[in-house]
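Data first, discussion second: the structure below is written as structure tokens.
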Amino acid sequence: VERRRMLRQCAPSLPVPYIEGIRNFTLTNEAGPCAMAALQKEQVIVENIEAEQRWPAWCAIALKNELRSCWSTPIVAHDGTILGTFAIYSRTASAPSSRMTALIGQFTDLASIAIEQKRREDALRRSEVYLTEAQRLSLTGSFRWRIASGEITWSDETYRIYEIDPATTLTLDIVQERVHPEDRNMLELTRARAPHEAKDFAFEHRLLLPGDVIKYVQVLAHEMHSENGELEYVGAIRDVTDRKKSDDILHRLREELAHVARVATLGELTAAIAHEINQPLAGIMTNASTCLRLLATDDPNLEGARETARRMIRDATRAADVIARLRALFRKQSTTQEAVDLNEATREVLALMSTELTKARVVVHTELGHLPPVSGDRVQIQQVVMNLILNAVEAMSGVPERRRHLVVRSVGTEEEVRFEIEDGGVGLDPESQDQLFKAFYTSKSDGMGMGLSISRSIVERHGGRLWAVPNDRPGATFAFSLPLASMM
Ligand code: ADP
């Protein structure tokens with residue numbers, strides 16, 4: 001049950017013990033005349049409290065404080081809600097005169113207007129506070145630009161974005177100064193067109209702030225007409241610098257990964273080998289036929305045959321050299337050494353793959369522990385992580401959706417960091433478990449069987465291990481460990 005109370009707003013001459021005495025009264029008809037007036041929205045006149053029967057508790061407190069009469073009038077808002085009551089107490093028993101009744105009526109009308117006004121102002125102030133807070137959180141400021149007078153009004157957040165002192169009187173020139181010189185044309189154009197075209201506009205540009213700080217902002221403006229019909233624009237300015245930066249990082253990362261993937265594809269390797277080896281092979285074939293021809297007569301040309309055989313050896317050596325060189329190339333594969341935060345690297349890969357994961361209806365749980373950095377080639381390690389995630393996604397593509405959970409876990413110990421990918425997919429076939437990491441082993445019709453073998457060689461090159469275990473529940477867990485940077 002709701003227990004509402006009445007609060008005393010203002011009662012300068014009422015005895016304090018009386019106010020204290022009725023403080024805990026709840027808002028019911030039985031509490032007292034004011035409560036009743038508020039609930040019934042009707043004036044309640046108690047001419048003589050001594051003769052009053054209705055509210056014994058209230059009467060006792062009133063009498064103890066020498067109050068003898070009480071006229072309580074509700075203050076009602078224009079929509080009918082009750083705002084309070086206005087009560088006149090007296091030390092003598094009496095009824096209000098008609099003049100008094102009229103005055104009370106005027107007073108409660110005024111009071112209702114004043115209270116409503118105050119509440120509206122409070123509500124407005126509160127919503128302004130919310131708005132300012134929301135602008136700050138979303139890094140979005142607002143502005144208003146009146147074309148005829150050139151008057152510009154900004155919200156606090158817009159001043160913050162442009163790093164201009166809020167006491168400054170704004171002009172387009174001041175705003176222009178903050179715009180990156182290379183992007184000023186755009187603003188000039190808007191400035192020239194806006195007064196004539198009266199169209200909404202939106203553009204993105206850079207700001208060049210003191211200390212050579214560059215910010216990216218998005219501007220969105222809506223054309224409106226003020227009360228007196230003048231053209232004005234009202235809009236929002238959003239600081240998108242962070243998003244821009246992470247877009248750039250993602251873009252760079254995507255390119256790097258794509259590059260590594262390309263270099264590592266079997267197709268490219270095959271093409272390179274074929275190209276380099278074909279020539280010496282063709283030479284060997286030609287020389288072998290010549291050699292046979294030189295020997296196939298009654299008088300074999302032994303010297304010529306010897307010469308062609310020498311050429312065959314030369315070509316075969318060349319082919320062997322090519323293979324040796326290719327091997328060396330792949331072994332080195334320009335590994336860079338840097339301190340890598342595996343969690344951060346993993347988060348980047350997940351961000352990169354988020355569309356793919358959503359499309360495959362895979363739910364990802366990350367349990368990334370506190371990790372010291374490992375030392376190695378960030379992009380190559382990311383390639384391993386990506387390979388394992390891709391395999392897990394593929395292993396889950398045929399299972400019911402409720403099983404498509406991927407747990408990405410990292411654990412740090414004193415000597416190493418461990419990374420685990422747990423899937424709810426088809427799981428491991430005990431027969432072929434030893435084969436998985438061999439080059440060319442695949443169970444997929446369109447698989448190449450290179451992913452795990454390349455991943456294992458990358459991990460081992462970093463001094464770590466890569467392995468797979470079946471889960472207790474359906475699915476498999478692929479894991480690798482890497483030694484800490486400080487242990488290398
Ligand atoms: P590919 O993906 O091209 O087949 P990989 O070397 O990455 O090559 O994987 C080899 C094989 O290992 C796969 O064909 C699959 O049979 C098995 N495998 C890899 N990851 C998983 C996994 N998460 N669950 C079950 N089997 C897997």
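Note that ligands are numbered from 1 as they come in the structure, with each ligand's atoms numbered from 1 the same way.
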Identify, with sequence neighbours excluded, every residue that meets side chain to side chain donor-acceptor pair (under 3.5 Å) alongside T308. none
Any side-chain donor near an acceptor of the partner, N228 and S226, under 3.5 Å: yes
Pairs of donor and acceptor atoms involving the side chains of residues 200-208, under 3.5 Å and at least two apart or interchain, shall be tabulated with distances.
from, atom 1, to, atom 2, distance (Å)
D200, OD1, H222, ND1, 3.1
D200, OD1, E223, N, 2.8
D200, OD2, H222, ND1, 3.0
E204, OE1, Q218, NE2, 3.4
E204, OE2, K244, NZ, 2.7
R206, NE, D183, OD2, 3.0
R206, NH2, E182, OE1, 3.1
R206, NH2, D183, OD1, 3.1

Nearest heavy-atom approach of Q380 to R461 is OE1-NH1, 3.4 Å
Can any side-chain N or O of T366 pair as donor or acceptor with the backbone N or O of L368 at less than 3.5 Å? no
Contact set, ligand 1, heavy-atom distance under 4.0 Å, ordered by chain/number, equals N391, A392, A395, D423, G427, L428, L436, Y441, T442, S443, K444, G447, M448, G449, M450, G451, L452, F478
Do any side-chain atoms of residues 288-296 form donor-acceptor pairs under 3.5 angstrom with protein atoms, and if so which ones, sequence neighbours left out?
from, atom 1, to, atom 2, distance (Å)
S289, OG, M285, O, 2.8
T290, OG1, T286, O, 2.7

